[in-house]
Each structure stands twice: as structure tokens, then as C-alpha cells.
Participant: 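For reference, the structure I am asking about is given below.
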Amino acid sequence: MYSHFESEQQTQFTADQPESSTTIDGCTDLLFLHTEGKPRIDTGEKSHTIEEMARLDRLNLIGEMAASIGHEVRNPMTTVRGFLQMLRAKKELASFASHFDLMVEELDRANSIISEFLSIAKNKPSNQSAGRLDAVVDILMPMLDAGALMAGTTVIFKGGPVPPILMAERDIRQLILNLVRNASEVTPHGGQVSIRTYVEAGRVVLSIADQGPGIAPEVQHKLGTAFFTTKEKGTGIGLAVCRHIVERHHADLAFQTGPQGTTFYVLFPMAETNDR
Ligand SMILES: Nc1ncnc2c1ncn2[C@@H]1O[C@H](COP(=O)(O)OP(=O)(O)OP(=O)(O)O)[C@@H](O)[C@H]1O
Ligand SMILES: [Mg+2]
């Protein structure tokens, strides 16, 4: 497993590698999402760091707005939802049952969008303690397996034990779930999503690889922007949440993509080198 990364991808994380060390089977360089102005590794000329600060500001603003209006909007929604359920139970309105269900579902969807934004808005440092990434993946595997089963895909975890990092476990679970969900959504029926944990260039790396069609060049720089989605039923929040979680962990979020699939990488500092 590790040799795969050594031979094909280790060079991606090394600062002094020439650009020619990249691009395997039409795959892109390692492209970084927001890194909060920190020095980055092997960005190369093709790296995407465009408008990072502006995007962060925008995201923070959206988060603050969501935090302030979230509760106020939820209260009337809860009332409306309650009345809809009450009406749905009335015999004389039985023929409209499916309409009521749809209305309740849409309200629930709106509510979950608010919840996600509230989680973005919580930008204060979360309680972090030393923990192992591979242990978190292990805990999540039953849930990931169940999700994959429904999607007709398989999730495999090939990670070995890695040194501890400083983490807020709840956030890390969310990060993994969001990335695996994206990976499963593009992986064809019968395909496989691979999760790995390993150490490379002094950092603890989580990688999630899919067998999807890759990410089109024209949308790559938009990844992680709140509400950016190409999915009919997507909200475009998953990666925005990931970016915030990654930032709170002083980590980097990057991806490589090509016609054979996309791999997302989260590169964490090891616990002892983290200055928090
Ligand atoms: N593994 C992937 N392969 C291909 N495209 C991806 C992948 N991950 C993310 N994307 C692209 O990035 C967009 C944003 O992803 P993000 O997770 O933020 O939102 P979403 O999945 O569309 O909706 P949701 O809020 O439900 O997660 C997606 O709509 C898709 O176009
Ligand atoms: Mg998503």
C-alpha cells in the first residue's frame, strides 16, 4: 500500500520536487484548497490558491450571518412543520398527504442547511486532544460500510497506525464523512472508495480516493466555496465545512484528479510539532 504512494505520490508532498514528477495517467498535480496563508508544499505552477483570503472572508461572513439568523429562522419553521404534520393527519386532507410530506421534507432540508452553516460558524478553537486518525476511521467504518452498501459501492480502509495528531474528534469524523460521501457519490456502482492513513514528509496524511470521472478543470478553483455544487440535489456545503475543519487543525486540504478518479488529501501536522 505504502509503496504505491512512494512510487506515485510521495513526490507530490516534497517541496523541492520538479513539476515533472507529477501527472500520472492524465492526473493533475496536487492542488491545494485554502491554507490560511501558510507556506505550502509543492504547490508548483499549477497549484490553485486563487482568491484564498477573499474566499475565507466570504465564508466567515456567511457563517456569522448564519449563526445570527439561524435560530430565529428555525423557530417559525418548527411551527410551520408542526402545523403541516397536523394537517397531514386530517382525514379530509388525505388526498394531499404526499404534498404535505414533500413540504415537511423541504423544511427538513432547509433546517439541515442551517445546521451545517452553524457548524461552519463555530470557528472558535474546538477542544483538541491527541488522537489517531486510523482509530477514528476504524470507528466510522460500520457507518461508511452501510452508506456504501446503499450506494452499491465498497469502502476499504488500507491505513496503518499513524502517530497521533491534535484533533477534535467530532470534527474529524465530519471531515471523513463529507469526503467519503463525495467520493461515494461519484464512484460507479460496484466501484470502490479507498481510505488511507500514512505518514509522509513529516505529516500525517488522510487520503480518500474514488473511481469517479474526476473534477472538471473549470470547477476546480470553486471547490470549497460555500454553495458551490454541480449536483442536482447538492447544497455545496460539504467541502466548505471540510475547509474550516482542516483550518482549525492547522492542516492542508489538497486533491489530485484525473479521468480515473479523484483523491482528496488532508495533511496534518504531527501532535508534537503542532504549536497549539
Ligand atoms: N470526489 C469528487 N469527485 C468529483 N467532484 C467532486 C468530488 N468532491 C467534490 N466534488 C465537486 O465539488 C462540489 C462541491 O462538493 P461539496 O461536498 O461541497 O458539495 P455537494 O457534494 O455538491 O453537496 P453537499 O452539501 O451535499 O455535500 C460537488 O458538487 C462536485 O462538483
Ligand atoms: Mg458533498
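Note that ligands are numbered from 1 as they come in the structure, with each ligand's atoms numbered from 1 the same way.
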Participant: For ligand 1, does Asp210 get within less than 4.0 Å through its side chain, its backbone, both, or neither, judged by non-hydrogen atoms?
Facilitator: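 Under 4.0 Å from ligand 1, Asp210 contributes side-chain atoms alone.
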Participant: Is Leu223 in contact with ligand 1, taking contact as a heavy-atom separation below 4.0 Å?
Facilitator: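 Contact check Leu223 vs ligand 1: positive.
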Participant: Asp29 side chain to Leu31 main-chain N or O, any donor-acceptor pair under 3.5 Å?
Facilitator: no
Participant: Nearest to atom 23 (O) of ligand 1 by heavy atom, Gly261, Pro213, Gly238, Gly236: which?
Facilitator: Gly236
Participant: Is there a nitrogen or oxygen of Val186 sitting under 3.5 Å from a nitrogen or oxygen of ligand 1?
Facilitator: no
Participant: Using ring-ring contact (aromatic ring centres under 6.0 Å, His included) as the criterion, list what pairs up with Phe268, not counting sequence neighbours.
Facilitator: none
Participant: I'd like to know whether ligand 1 has Phe255 as a neighbour, heavy-atom separation below 4.0 Å.
Facilitator: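 No, Phe255 has no heavy atom closer than 4.0 Å to ligand 1.
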Participant: With a 3.5 Å distance limit and no angle check, can you tell me whether Thr257 reaches the backbone of Ile215 through a side-chain donor-acceptor pair?
Facilitator: yes
Participant: Which part of Lys233 is near ligand 1, with near meaning a heavy atom under 4.0 Å away: side chain, backbone, both or neither?
Facilitator: neither
Participant: Could you tell me whether some N/O pair between Leu239 and ligand 1 is separated by less than 3.5 angstrom?
Facilitator: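 Yes; the residue has a nitrogen or oxygen that sits under 3.5 Å from a nitrogen or oxygen of the ligand.
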Participant: Strictly under 2.8 Å of the Mg ion (ligand 2): which protein N/O/S atoms qualify?
Facilitator: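 Protein N, O or S atoms closer than 2.8 Å to the Mg ion (ligand 2): Asn182 OD1.
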Participant: Which of the atoms of ligand 1 are close to Ile215, meaning less than 4.0 Å from one of its heavy atoms?
Facilitator: 3 (N), 4 (C), 5 (N), 6 (C)
Participant: Which atoms of ligand 1 sit under 4.0 Å from any heavy atom of Arg181?
Facilitator: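 Going through ligand 1 atom by atom, the ones under 4.0 Å from Arg181 are 26 (O), 27 (O).
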